[in-house]
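One structure is given here, and the rest of the page talks about it.
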Amino acid sequence: MNDGLKADTVLADKSYDCDRLRHKIKDQGGQAVIPPRKHRKVFVAYDEDLYKGRDSVEGFFNKIRHVRRVVTRCDKLLVNFLCIVKIAAFAIWLR
């Protein structure tokens with residue numbers, strides 16, 4: 001995690017469950033929403049409702065990766081690429 005980035009909440013899956021990352025997030029003033037791995041001896045509490053919202057974000061990225069123009073990054077300018085992402089998101093939302 002970069003020291004220059006600030007986040008109120010960091011959502012991650014079990015593979016990111018380590019004390020060093022949790023302490024770094026807490027030191028920067030954020031909340032780590034990471035479910036504990038099975039082998040942990042001490043259970044670490046996390047916000048399960050907030051973690052469930054992560055699934056909808058992953059689902060969006062799974063759907064948007066089927067849009068060829070987004071995946072291949074045909075547009076060189078960021079503003080054009082952002083427009084294509086917004087159009088693809090709107091089309092997904094309409095389904």
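Throughout, residue positions are numbered sequentially from 1 according to the sequence presented. Everything numeric in this text was worked out from a predicted model, so none of it was measured.
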Mind checking what makes ring pair (Phe, Tyr, Trp, His ring centres under 6.0 Å) contact with F90, not counting sequence neighbours? W93

Smallest separation among heavy atoms of A12 and P35, with atom names: O-CD, 3.4 Å

Taking only residues two or more places apart in sequence, or in another chain, which ones meet L78 in a side-chain contact (heavy atoms from CB on, under 4.5 Å)? R73

Once side-chain contact (heavy atoms from CB on, under 4.5 Å) is applied, do any residues pair with D13, and if so which ones, sequence neighbours excluded? S15, Y16, Y51, R54

Can you tell me which residue pairs pass the salt bridge (Lys or Arg N to Asp or Glu O under 4.0 Å) test with a partner in residues 63-72, sequence neighbours excluded? R69-D75

Starting from V79 and following side-chain heavy-atom contacts under 4.5 Å between hydrophobic residues (I, L, V, M, F, W, Y), which residues can be reached? L77

Minimum heavy-atom separation for K14 and P36, please, with both atom names. CE-O, 3.8 Å

Do other residues, nucleotides or ligands put more than 12 heavy atoms under 6.0 Å from D27 CG? yes

Remaining members of the apolar cluster that contains V44, side-chain heavy atoms under 4.5 Å: none

Checking one residue: V57. Which other hydrophobic residues are in its cluster under the side-chain 4.5 Å linking rule? F60, F61, I64, V67, V70, F81, I84, V85, I92

Taking transitive links into account, so neighbours of neighbours count too, which hydrophobic residues share a cluster with F43 at under 4.5 Å side-chain distance? none

Can you name the residues that form a salt bridge (Lys or Arg N to Asp or Glu O under 4.0 Å) with D47, not counting sequence neighbours? none

Output every pair passing side-chain hydrogen bond (donor to acceptor under 3.5 Å, both in side chains) with a member in residues 33-43, not counting sequence neighbours, ordered by first then second residue. D17-R40, D19-R40

Any side-chain heavy-atom pair of L21 and V10 under 4.5 Å: no

